[in-house]
Amino acid sequence: MSDRLAVTLTGIVGADHVLTDPQVTRRYETDWTGRFGGRARCVVRPADTGEVSQVVAACAAAAAPVVPQGGNTGLVGGGVPRGGEVVVSLARLHTVAPVDTDAAMVTVGAGATLAAVHAAAAAAGLAYGVDFAARDSATVGGTIATNAGGVRVLRHGATRAQVLGVEAVLADGRVLRRPGAVPKDATGYDLPGLLTGSEGTLAVVTGAWLRLVPRDPARVVALLALRSTADAVAVLARLRAATRRLSAAEWFTGDGLDLVLAATGLAPPFPRSWPTYLLVECAGPTDPSAELAAALDGVDAVADVAVATDRPGRAALWAYRERHTEAIATTATATAGVAHKLDVAVPLRALPAFEAQAHQRCDEAGARLVVFGHLAEGNVHVNVVGPAADDDRLDAALLRLVADLGGSISAEHGIGVAKTAWLHLTRDATDRWAMAAVKRALEVLPDRALLP
Ligand code: 2HG
Ligand code: ZN
């Protein structure tokens, strides 16, 4: 890049942190699915908020579009260029301040990984309420941008419920700081809440004040073999009524487990296979095993069960669920295809009907469907293998089905570029106008008349 913008960016972050060599920029240019991406004008790696501010201001002055990027674990193309944008990587903003144990909170940079936040919280005798399989690479900034959910939503809520404060760089380079020093603050609009889930469309998140939760040292994981998704929904309802200690309820199918076993070489959990599996975890200050056993006692729907309380045993059961994404990618690659990933949510009572109808449409189209997800929120990870990367006819049919059932076309991964065409399915014209108005308001250069 031999233009004036390159010279300016190099002056801000140093030559080592303006990347243009295609061999080096490649990993910033394609998302995890391999379905979305494009060439970047360059990749810039600022070191701190001040540098992010200068970089964004320089890009605004040059009318150069910017794509903020965290750990690049997104699945909807929201953190990668489409062609010609400047990628602003937040990876170097990875500070994790000492945990404030009095207030149970921690201040972190956008580039801190989820795993780093977990480690810091655990060392202080606390925990962070958001967790999912990509924890070692996914960064706090990206999880805020997408309002990431994961496996603990039923216990602690999604990312928005953890964000006490936020620091972000607006489109013209100004730094918006809303510290979360006190957990109660009714002063004005909830800007941290607004930026959470805004996917880089309103500002570049550079740091956050995160709420921490008590650490639950005692855990039990049970993998339940079931005959149907309807049974999984019924068992979950029973568990929710019977115990306060439920900390995860993850659902997958026999088809998904077969793929995981084939791709990973793991031993099967049961002597025979079952149509549906529900992985439940209970956690608390003391061993919750007896409480879980009592809650499941006499539940005929449970055809078989594998239980673990020790760490390796729990991890072995979790692997059947957490390795789905990797196993599906392996299957897609083997057929030289990509997985179409539709992260949706449907009301729980409609889940069995959704699953049946989704299978019917995929069968008709000759595509392979694998579903799994976070049962308590009706959050289904719909993975379709078969159609070409740019053939979205089946995506459209499945998203329409979700909307007809009163669900969400994006439960926890965001809209990115994957879902923009279908926003109208669940957001009406007034809603979309209001969102566009907010974006326009934050995009304009400072309007002195608005400043108090
Ligand atoms: C998960 O829950 C992630 O494992 C990934 O959200 C989902 O691969 C997917 O479709
Ligand atoms: Zn998920």
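Atoms within each ligand, like the ligands themselves, are counted from 1 in listed order. Numbers here simply count residues along the sequence, with the first being 1.
- The pair D185-R178 fails the salt-bridge criterion, with no side-chain N (NZ, NE, NH1 or NH2) lying under 4.0 Å from an Asp/Glu carboxylate O.
- For a heavy-atom separation below 4.0 Å, the residues in contact with ligand 1 are L75, R321, T325, K341, F372, H374, H381, N383, E412, H413.
- Under the side chain to side chain contact (heavy atoms under 4.5 Å, CB included) criterion, W32 pairs with L75, T325, A329, sequence neighbours left out.
- If you look at the Zn ion (ligand 2), the protein N, O or S atoms less than 2.8 Å from it are H374 NE2, H381 NE2, E412 OE2.
- For the residue pair D31 / T33, a side-chain donor-acceptor distance below 3.5 Å is found, with atom types taken as modelled.
- Across D390, D392, D395, a single residue satisfies salt bridge (Lys or Arg N to Asp or Glu O under 4.0 Å) together with R35, and that is D395.
- For the residue pair E281 / W318, a side-chain donor-acceptor distance below 3.5 Å is found, with atom types taken as modelled.
- Using a 4.0 Å cut-off between a side-chain N of Lys or Arg and a carboxylate O of Asp or Glu, E322 and R135 qualify as a salt bridge.
- Within a 6.0 Å radius of CZ in R39, more than 12 heavy atoms belonging to other residues, nucleotides or ligands are found.
- Residues satisfying the ring pair (Phe, Tyr, Trp, His ring centres under 6.0 Å) criterion with H374, sequence neighbours excluded, are H381.
- Counting non-hydrogen atoms of neighbouring residues, nucleotides and ligands closer than 6.0 angstrom, the CZ atom of R272 exceeds 12 such neighbours.
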